[in-house]
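Before any comments, here is the structure.
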2 protein chains.
Amino acid sequence: MKGTVTVKTLAKELNISIATVSKALNDSYEISLETKQKVWDLAKKLKYERNPSASNLRSHKTKTIAVIIPEIANNFFSLAINGIEEIARKRDYHVLIYQTHENSETEIAFTDSLLSGRVDGILISVSSNTNNNEHFKELVKKIPVVFFDRVFEDIDAVKITTDDYESAYNATCHLIECGCKKIAYLFALNNLVTGKNRFAGYQKALERYNMIYTDEMIVHYDKNTSKNYENIKAMVSDQKPDAIISSIEDLALPCYYVARELNLNIPKDLKIISFSNLNTAPLLNPSLTTIEQPAFEIGKEAASILFKILDKKYFEPNENHILKSSLIKRESTSCG
Amino acid sequence: MKGTVTVKTLAKELNISIATVSKALNDSYEISLETKQKVWDLAKKLKYERNPSASNLRSHKTKTIAVIIPEIANNFFSLAINGIEEIARKRDYHVLIYQTHENSETEIAFTDSLLSGRVDGILISVSSNTNNNEHFKELVKKIPVVFFDRVFEDIDAVKITTDDYESAYNATCHLIECGCKKIAYLFALNNLVTGKNRFAGYQKALERYNMIYTDEMIVHYDKNTSKNYENIKAMVSDQKPDAIISSIEDLALPCYYVARELNLNIPKDLKIISFSNLNTAPLLNPSLTTIEQPAFEIGKEAASILFKILDKKYFEPNENHILKSSLIKRESTSCG
DNA sequence: TTTATTTACGAATACGTTTAAGTAAAAACA
DNA sequence: TGTTTTTACTTAAACGTATTCGTAAATAAA
């Protein structure tokens, strides 16, 4: 690259050594303020930008973090990235994005490739059909990793989650208190604590009110979008539940279509409640009762913790930070 | 880093030079298949991962692109990133994300910092209050850049846009044909061709039907969300339009709230149409007529073109690729 | 056979930065 | 005064890879 301005350029121009220039740029105590100022001024004038590759190679710091998520085109994850980006920005860190599309192999390929020293740390929300946590157990030994929202239980790393159990429990109670007798459940993330806790909260609430569920009332998430629609439709037709709890946003919207198709009135014939960060929830027809996760805050928290680890100011890897979700009651569960 | 496996490790193990190892890893014709195979096998066995910093430093190729957008938590942009990521994935490229939050200075800081050789190319959808295209004129001389959706007219670079003029024209005609007599316009992106074209399409349609608009019927986008709501409400109260065209999604939802507040029935009293990629548009109350941009395809196209440029297989920088949006008519504009 | 060409590799250097180690001069101390 | 310490720099060696150039052996051409 001709014309590139490097430390050499600055050094030659100022008649000092490149070491001095480098140290001045890094605001080292070894350099006099006078010299630093000269270097900074010239650097600004010549629009010097430190070559990140050279810097990384020497210092082993990349000022880059990776975010691995299932899907970016999802309200929850894009809000989380928003939070992550905000924190990264303050620290002048760069953010790499990787989408797994819920594919476990892709996920492994990403994490493996990130071990080459491309990033300082990783934020990950694991793919729903990952059941191999052995791989992650190895990963966390090699590079700082913070898990958020979709996490494993027995991994020696910091995890940021929401109160999945409690919020599912509360949501179910809300339905029961509205008089629902048969509450179906749309099950997703079943091999992650996230999904397990949500389901457990649902179960516990039923138990408390001496209610039961059968396997026929549970619809499991399918990668195939139209399959999901079909499965929900079949379940609703067969079982005729008077309420549905959806453990993820993607399964809530099909419910609306199913209700229309089967001529069921929401909330009269069928009440719906879903984990969701849809900002149009209040405007839906009818407006959707949601369990809203603090997605932005989760992102911020995850990134903050990661940076604390990178700063070596944090030494409790096996900790679970739990943020509170909020149940926002709307028309889709209005009583009577 | 102790224990890191480098070319040196492989070379020592196989009793060959590091040059040979490096060439073998890059599948050079200079190396015999036999040797290559030995290197590949050992690399796999030892889980060798090429150090990207060292590689970049030497080769000046980063296998990384940057995406600069106003907001990630926006359906259009997250879908676009999705498309970009898909293409990048196929090429084993890494994707850095930067959010400007519609701040022009942030935008300039990002692009400047990216000139340090951190990325091979840039995809950008410019911030709405950027009116300084001089900066971008300089930028495109220094690094491959592809603009998408939010673009400038007179920049010597490839631009990927949608048929903003035509789709705004068609949308306006649709309203007029429904009998609307007074069509208000929510104006955004006014210093970009994108915004200008949309407005021009609106104007042209009115003109064709010998209709007029006054400045009072135009609401300009404000950074402040609640201001937007207030401005729209004031305009609707004062002007009593029978239809609104919103040039961006963010201004469409406030219309729903305003209509509720003012007790106006959509579509009877007020028809609404908006540029939008909301996947809940069909489920809103009432469902929203949208001009839907092929966001995913725009991302794919932008990334594809960027890679062609990086491959030196593309030499028409000043070209505008126009993809078609689709007008999806729903209840918010239903006639009679 | 001799000569020219091809094949397969190695030595050495450069990419731009950081940093350990060394040093002269200035300042502080005895 | 001489001695130690501090200040402000410089020298030189890395970090891990890619690449130019050189070369010995193998093959082809004469």
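None of these values were measured; they are calculated from a predicted model. Chain identifiers are assigned alphabetically (A, B, ...) following the order of the sequence lines, protein sequences preceding nucleic acid strands; residue numbering begins at 1 within each chain.
- The distance from atom NZ of Lys61(A) to atom C1' of dC15(D) is 15 Å, rounded to the nearest whole Å.
- In this structure, Arg50(B) atom CZ and dG16(D) atom C1' are separated by 11 Å, rounded to whole Å.
- The nearest whole Å value for the distance from the CD1 atom in Ile18(A) to the P atom in dC15(C) is 11 Å.
- Contact check, Tyr48(B) against dT17(D): a side-chain N or O comes under 4.0 Å of OP1 or OP2.
- Ring geometry, Phe152(B) versus Phe136(B): the interplanar angle falls from 30° to 60°, so the pair is classed tilted.
- Side-chain contact, Arg118(A) with Asn56(B): no donor N or O sits under 3.5 Å from an acceptor N or O.
- Within the 4.0 Å cut-off from OP1 or OP2 of dG16(D), not a single side-chain nitrogen or oxygen of Thr6(B) is found.
- Salt bridge present: Asp154(A) and Lys137(A) bring a charged side-chain N and a carboxylate O closer than 4.0 Å.
- Atom pair Lys38(A):NZ and dA8(D):P shows a separation of 13 Å (rounding to whole Å applied).
- For His60(A), counting side-chain heavy atoms from C-beta on, the closest listed nucleotide (dC9(D), dC15(D), dA18(D)) is dC15(D).
- For Thr35(B), taking side-chain heavy atoms from C-beta onward, the closest of the listed nucleotides dG16(C), dC9(C), dT11(D) is dC9(C).
- Between the C1' atom of dT19(C) and the OH atom of Tyr29(A) lies a distance of 11 Å, rounded to the nearest Å.
- Listed pair Asn26(B) / dA18(D) meets the phosphate criterion, a side-chain N or O lying under 4.0 Å from OP1 or OP2.
- The residue among Ala19(B) and Leu57(B) whose nearest nucleotide of DNA chain C lies closer to the 5′ end is Ala19(B).
- Using a cutoff of 4.0 Å between basic side-chain nitrogens and carboxylate oxygens, Glu34(B) and Lys38(B) are not scored as salt-bridged.
- Between Tyr98(B) and Phe110(B), the ring planes lie tilted relative to each other; the angle falls in the 30° to 60° range.
- Using a 4.0 Å cut-off, no side-chain N or O of Thr20(A) falls inside it from OP1 or OP2 of dC9(D).
- Nearest nucleotide to the Arg58(B) side chain, out of dG10(C), dT17(C), dA14(C): dA14(C).
- At whole-Å resolution of the value, CD1 in Ile31(A) and P in dA8(D) are 9 Å apart.
- A residue-by-residue look at Lys23(B) and Asn51(B) shows that Asn51(B) has its nearest nucleotide of DNA chain D further toward the 5' end.
- The separation between Ile16(A) atom CD1 and dT10(D) atom P is 6 Å, rounded to whole Å.
- For Ser55(B), a side-chain nitrogen or oxygen approaches OP1 or OP2 of dA18(D) to under 4.0 Å.
- We find that CD of Glu30(B) is positioned 12 Å from C1' of dT6(C), with the value rounded to whole Å.
- Ser32(A) comes within contact range of the sugar-phosphate backbone alone, with a heavy-atom separation under 4.0 Å but no base atom that close.
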